[in-house]
Amino acid sequence: MALIFHRGIIANSQFFSRSSGVLFRRLRASRSCTSARGEGTANTLKEELIQVAPKRALEPNTHGFEAIIGIETHVQLFTLTKAFCSCPYVYGSRPNTTICPVCMGHPGTLPVLNSKVVEFAVKLGLALNCGLSMTSKFDRKHYFYPDLPKGYQISQFDIPIATKGFIDVDLPVEFGGGHRRFGITRVHMEEDAGKLLHSETGSYSQVDLNRAGVPLLEIVSEPDMRSGIEAAEYAAEIQRLVRFLGISNGNMQEGSLRCDVNVSVRPIGQSKFGTKVEIKNMNSFSAMNRAIDYEISRQVLLHSQGQSDQIFQETRLWEEGAQKTFTMRKKEGLADYRYFPEPDLPEVVLTKEFVDKLCQGLPELPEAKRRRYEKMGLTMQDVLFLANDNHVAEFFDASLENGADPKLAANWIMGDISAFLKNERLSITEIKLTPFELSELIASIKNGTISGKIGKEILFELLAKGGTVQSLIEEKDLVQASLIFPVRKASEFIIIVDPAAIEALVDKVLAANPKQLEQYRAGKTRLQGFFAGQVMKESKGKANPLVLNQILGVKLKGES
């Protein structure tokens, strides 16, 4: 298997070494060098003399300044093969086992565009309310890095496939709630680079080119965000969107969704932007929130100390352990990339028929789903939970189609079902319970066939073992029919619905509590709950609540 020698990187290059049968290129690294692409730990520079308490990053003090935040999001597409060759890409494959001369950039090889990349790009552009370029092109973006075998990246520069869109976001209730709209500058197609695997000592790095050539969509936002939570919710909405569209799994831990955040601050009222700093190496939305708020605090502190000239246009890494950002490298400018049109690929030409067909096939998107759930009378907390995951939303919608009450279905999914999934570490697609049986369970409780307590027991059976509500009711003798008290000791599940039996229980409880009965009839009506509880205790939880409350209400008033 051929690997390219990258000459002139650093001194003291070693020959290839074989580890577990896989070839690696070892690169001797100077300890003063910074880490690559946010995949390692960077050294600090002089500006780290500024001391900002790490935990204060959660509540940045702006002191009359406002933050300007924009995000570049790279989405790895869910295609069978890479962008310009037939190599597959499977996350976790052994290093350098899914590569070929094309994705390694060998001389004389030619790229061939994967048509699925264009399809996914158009879908995302439409979902982000962008205008599409019916004719776009690819460009070469030149920069040198050990994990970029060609010495350039095939990307799009001046004519991206989609531009000038927006995305609507609902902020969580615990952060004040409300709706936000953030602009989208552009969406463009490009290929991914490889990956550097750094040694624990930092003395060398190994090159894995499996990821080289994997198709990406880069989404560039407008600088419309003003806080870490807004930026984190924007990124989470992008993740939801690509998952609903089925174009990416969006897993941050696998690198399928990566966000580079640009942060600057300026005095409130000033129109000119401050110096932009890029932050990398954020592997969760909560980390993104903390990293941004820390960086805002750092820059505001420099401004307030008259050291704004110490804010450089650079790339910084977020260090989770230290809860700080650190300098990685100076940020390149457009001139450094030396863009020019990709000579080996033709223009990408879209037809109206192609675009219309994709537009008609778009699923219901997260924002539209949230608005629909709101109209059902669900709370924003319910709405955000249900629409956060497309599989959960599909399960909920299927339950409604089978007649389930929206609020009751939401409560079961957000409560007992969610707890079961968390405890068993399962997704909702892996459980035995079907949406139809959930709707049957809710109906059985509503019409009085079973109690809510029994419903929970049936639910856990359905989640773990499957089956039907009707069969479990019959198998465990749960059908509510007129029964003679006392109930059979052998069954835990029998429900008492015989009015005469429940009336006898009520009379017994009232006779045992004359003082409380007198207080109730004197106006202390809240004691009805006390009496109901005593009756349920006498019946060992088996009295039908509906029948019980009807009889108790009559008896408490002294009526026959």
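Salt bridge status for Glu233 with Arg180: absent, with no side-chain N to carboxylate O gap under 4.0 Å. Between Arg371 and Asp168 there is no salt bridge, since no side-chain N of the basic residue sits under 4.0 Å from a carboxylate O of the acidic one.
Residues Arg370 and Asn388 have side chains that never bring a donor and an acceptor to within less than 3.5 angstrom of each other. No hydrogens or angles considered: nothing links the side chains of Gln206 and His198 as a donor-acceptor pair under 3.5 Å. If you check the side chains of Ser227 and Asp293, you find no donor sitting under 3.5 Å from an acceptor.
Considering OG of Ser155 and CD of Glu191, their distance stands at 8.5 Å, rounded to 0.5 Å. A distance of 4.0 Å separates CD1 in Ile167 from CD1 in Ile238, rounded to the nearest 0.5 Å.
Contact record, Ser418 with Phe385: OG-CZ, 3.8 Å, taken as the closest heavy-atom pair. Across Lys82 and Asn210, no two heavy atoms sit closer than the pair NZ-O, 2.8 Å. For the pair Ile68 and Pro223, the tightest heavy-atom approach, listed with the atom from each and the gap, is CG2-CB, 3.5 Å.
Taking the six-membered ring where the residue is Trp, the centroids of Tyr373 and Phe396 are separated by under 6.0 Å.
Within a 6.0 Å sphere centred on NZ of Lys432, other residues, nucleotides and ligands contribute 12 heavy atoms or fewer.
Between Phe420 and Phe460, the ring planes lie tilted relative to each other; the angle falls in the 30° to 60° range.
Screening Thr325, Thr315, Asp260 for a side-chain hydrogen bond (donor to acceptor under 3.5 Å, both in side chains) involving Lys280 leaves a single residue, Asp260.
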